[in-house]
Amino acid sequence: MIARDAVRVLVANWDGSYTVPSRRLYPHQWSWDSAFIAIGNARWSPRRARVELLSLFGAQWRDGRVPHIVFNPAVPEGAYFPGPEFWEARAPSGTSTSGIVQPPVHALAAWQVHLADPDPAFLRRIYPRLVAQQHFLRTARQSPEGLMSIVHPWESGMDNSPAWDIPLAAVVAGPMGVVRRDLTHVSPDERPTDRDYERYTALARAYRDTGYREAGAFAVEDPLFNAAYGAAESALAKIAAACGLDPAPHHAEAARITAAMVEHLYDDGLFHSRDAGSGILLRSSSAAGLVPLILPDLPREIVNALIGTALDRFEIKRGLLPSFAPGTPEFDPARYWRGPSWINLTWLVWQGLRHRRADLAELLADGMIRAVTTSGFREYFDPFTLEGHGCRDFSWSAALVLDLLCQHGLDGVPASLREVGEERRSLVETHEIGDQVPA
Ligand code: 2M8
């Protein structure tokens with residue numbers, strides 16, 4: 001039943017060549033959402049998964065950046081703020097986009113999609129685009145220490161995290177002068193404050209006014225973003241080998257970024273962000289600091305220390321990973337990115353633990369399944385009560401749980417692809433009429 005309900009959410013949020021994260025709150029295509037969604041779609045419609053990624057990369061800029069939002073021209077400007085009129089940006093394809101990026105989890109997704117349904121032609125098509133995405137980050141965002149910077153909290157994917165409280169406080173911002181749309185759909189107690197939005201808007205405007213070239217008052221090296229970049233190189237090594245190309249440069253780059261992260265971002269059982277301007281470590285208790293567990297070659301002693309932190313400070317034995325450590329003054333179990341659990345972060349850490357601590361990975365898998373059976377495919381969950389928050393029918397919650405069911409299953413018994421396929425067929429009959437996916 002969960003698989004069936006997950007597919008139902010993904011079908012309802014499908015827009016013909018990509019999936020909206022949420023019909024009302026996020027009515028366009030988002031970059032890292034599409035990657036997570038493709039991982040889930042690969043389990044029941046690999047063709048959709050491939051189309052989802054290729055449509056996102058269809059809006060890639062000439063410099064290689066993959067914009068964090070690709071706008072649907074059929075959606076009215078007022079449906080989401082900031083919309084295309086604010087960003088004033090277009091991809092070479094002519095599509096309106098934003099001008100910032102999100103964590104590069106797409107190579108990881110492309111490889112997972114290929115594993116679920118091997119398709120060398122897809123790999124050959126997406127590989128140069130993934131390489132260009134990494135190249136953009138290396139050339140436009142790399143610090144002398146060899147780490148990649150983000151220039152806006154939205155680029156972290158965890159924009160309201162307490163990790164950004166200090167660097168964001170330095171951003172000078174006047175009133176927004178526009179109406180926020182998010183508060184029409186979700187309670188203000190579960191979203192960022194107006195003050196935060198003023199700063200987000202000011203930062204995005206300043207970056208836009210440099211032609212999306214110069215970082216403004218916010219430039220940080222985030223562990224989640226850098227871990228995604230490193231894991232992308234490891235995935236690209238596998239993709240290159242499958243395409244008959246040389247994987248060695250990707251292995252070398254993955255090793256290089258892993259070493260740079262350990263040297264500059266790691267301290268006392270957790271990875272932290274670093275201010276790219278001052279070089280100061282921005283110590284916080286964000287779960288972003290555990291995501292480097294996705295790096296395949298993280299030194300064993302660091303892995304062990306991260307696991308210790310996950311157990312003590314993040315209490316993952318409860319089954320979900322809180323986005324910020326409980327027991328800290330900033331922790332809030334219901335406010336977006338300040339404590340609630342998200343399926344994508346929990347899934348990433350689950351991936352990192354599967355081959356290192358299968359017992360803990362199993363607890364997280366069961367926890368994610370419990371969360372969605374208790375509260376539905378909500379955007380985020382109270383890590384203790386599992387109460388759902390944010391929007392409903394959130395795509396990556398559905399997609400990643402679907403992937404989880406195929407890999408881990410209920411009570412550790414993976415659902416066979418046939419079972420998921422059967423559920424899909426019954427949905428196809430009722431819901432897929434008019435599906436516009438090109439063959
Ligand atoms: C949230 O971010 C957008 C801005 O990009 C927003 O608040 O309007 C974040 O949770 C982000 O990680 C996610 O990609 C996006 C769409 O789900 O929503």
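Each ligand, and each atom within it, is numbered from 1 in the order the structure gives. As the structure is a prediction and not an experimental result, all values here were calculated from the model. Throughout, residue positions are numbered sequentially from 1 according to the sequence presented.
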Find out whether the Lys NZ or Arg CZ of Arg191 is both under 6.0 angstrom from the six-membered ring centre of Tyr336 and within 45° of the ring's axis.
yes
Cation-pi between Arg205 and Phe86: NZ/CZ under 6.0 Å from ring centre and within 45° of the ring axis?
no
So, taking the atom named CE in Met368 and the one named CG in Asp403, what distance separates them when rounded to the nearest 0.5 Å?
9.0 Å
Which pair of non-hydrogen atoms, one from Gln29 and one from Glu52, has the smallest distance, and what is that distance?
NE2-O, 3.4 Å
Show the protein residues that qualify under the rule heavy atom under 4.0 Å from an atom of ligand 1, listing them in chain and number order.
Pro21, Tyr26, Trp30, Trp32, Asp33, His68, Tyr80, Gln102, Trp154, Gly157, Asp159, Arg191, Tyr197, Tyr336, Trp337, Trp342, Phe394, Trp396
Is it true that the side chains of Trp61 and Thr97 contain a donor and an acceptor less than 3.5 Å apart?
yes
Show me the donor-acceptor pairs, under 3.5 Å and distance only, between side chains in residues 312-320 and residues at least two apart or in other chains.
| residue | atom | partner | partner atom | Å |
| --- | --- | --- | --- | --- |
| Arg313 | NH2 | Ser285 | OG | 3.2 |
| Glu315 | OE1 | Arg318 | NE | 2.9 |
| Glu315 | OE1 | Arg318 | NH2 | 3.2 |

